[in-house]
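Inspection log for the structure reproduced underneath, given as structure tokens.
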Amino acid sequence: MRKHAAFLAVLSAACSSAPVQYYGVAPPGMETAYKCAVAQLNMMGYTIEEATEGILVKGRKQTSGLGLQLFTGNTHHDVLTATAYDNPQTGETNIRVTVTRIADQDASAGFTANDGPEEGEDVLAPSETGKADAQTLLQNCGVTGITGPPPDGEDFALEGATARDGVPSRADRGFAVGR
């Protein structure tokens, strides 16, 4: 039974469409951090689709080609949402970047197996490019101590995993690691 639980945990992590977040301490000044995030999104080719002056900026970049659009009727986009905030406990300015990937559905755009048009958005697992863009944004804005999810394949440890000191790891005790 334990092997099945570990397998299901790995499978659900691989299929997860949950957003991924990266964050860290930025140079002082929430307005400066916000302006840097806006500039970085623009330089990386993201279209700004939402902004709360001085706090939040959301950008979207198309990542699928014409072939996928014609074949499936879907258009894929990486979406980065950067939030600048001052941490009252530490007095430091922080930036958090949330990464998602969206599939815009428009069956009328191509030939699909669907009986009728389906319009809307599906949230997909974040792409590696989107994750890299989030980290680049933070690095280029001078963010230090960047924290985020562990690299792929390290979300869950399988049976028998132990820490260096011989104590069973959190994953071995049934806890999801890094989530």
Side-chain angles (χ1 to χ4, degrees), residues 12-110 112 114 117-152 155 178-179:
S12 68
C15 297
S16 174
S17 61
V20 173
Q21 292 186 350
Y22 297 91
Y23 55 92
V25 177
M30 202 165 82
E31 183 69 24
T32 302
Y34 169 81
K35 287 180 180 178
C36 182
V38 170
Q40 289 301 311
L41 286 171
N42 281 316
M43 287 190 291
M44 290 188 287
Y46 284 78
T47 301
I48 305 300
E49 60 179 24
E50 183 180 332
T52 304
E53 186 65 36
I55 299 171
L56 177 136
V57 61
K58 180 177 180 180
R60 178 186 289 234
K61 179 168 68 172
Q62 183 173 331
T63 58
S64 59
L66 184 58
L68 179 68
Q69 288 174 268
L70 291 174
F71 185 69
T72 67
N74 290 338
T75 306
H76 291 187
H77 296 88
D78 282 335
V79 179
L80 299 185
T81 305
T83 308
Y85 60 97
D86 288 327
N87 185 335
Q89 295 174 339
T90 63
E92 298 171 323
T93 299
N94 292 262
I95 299 178
R96 177 181 52 241
V97 181
T98 304
V99 184
T100 56
R101 187 170 59 158
I102 303 293
D104 286 324
Q105 300 173 349
D106 183 7
S108 64
T112 66
N114 297 336
E118 290 183 19
E119 294 185 357
E121 289 185 341
D122 284 335
V123 178
L124 306 173
S127 72
E128 294 305 312
T129 303
K131 292 176 189 179
D133 286 350
Q135 293 175 49
T136 298
L137 183 151
L138 292 171
Q139 290 168 352
N140 290 345
C141 287
V143 173
T144 59
I146 296 174
T147 304
D152 285 344
D155 287 347
R179 300 259 181 213

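The side chain to side chain donor-acceptor pair (under 3.5 Å) check on Q139 picks up nothing, with sequence neighbours excluded. With sequence neighbours left out, E49 forms a salt bridge (Lys or Arg N to Asp or Glu O under 4.0 Å) with K58, R60.
Distance check, rounded to the nearest 0.5 Å: OG1 of T81 to CG of L56 gives 6.0 Å. The CE atom of M44 sits 4.5 Å away from atom CG of L137, with the distance rounded to the nearest 0.5 Å. The OG1 atom of T83 sits 9.5 Å away from the CD1 atom of I95 when rounded to the nearest 0.5 Å. To the nearest 0.5 angstrom, R101 atom CZ is 12.0 Å from H77 atom NE2.
Looking only at distances, a side-chain donor or acceptor of T147 sits under 3.5 Å from a matching main-chain atom of G145.
Tested against L138 for a side-chain contact (heavy atoms from CB on, under 4.5 Å), the candidates V25, V97, D133 yield a single pass: V97.
By the 6.0 Å contact criterion, NZ on K61 is enclosed, its count of non-hydrogen atoms from other residues, nucleotides or ligands being greater than 12. Within 6.0 Å of OH on Y22 lie more than 12 heavy atoms contributed by other residues, nucleotides or ligands.
Between V57 and A37, the closest heavy-atom pair is CG1-CB, 4.1 Å. Closest of all the heavy-atom pairs between L80 and A134 is CD1-N, 4.0 Å. The shortest heavy-atom contact between V99 and K131 is CG1-N, 3.9 Å. For Q135 against I146, the heavy-atom pair with the smallest separation is O-CD1, 4.3 Å. The two residues A84 and G54 come nearest to each other via the heavy atoms CB-O, 4.4 Å. For T93 against P27, the heavy-atom pair with the smallest separation is CB-O, 3.8 Å.
With a 4.5 Å cut-off on side-chain heavy atoms, I102 and V123 count as touching. At least one side-chain heavy atom of Y46 sits less than 4.5 Å from a side-chain heavy atom of D78. Put simply, the side chain of T129 does not reach to within 4.5 Å of the side chain of T63, judged on heavy atoms.
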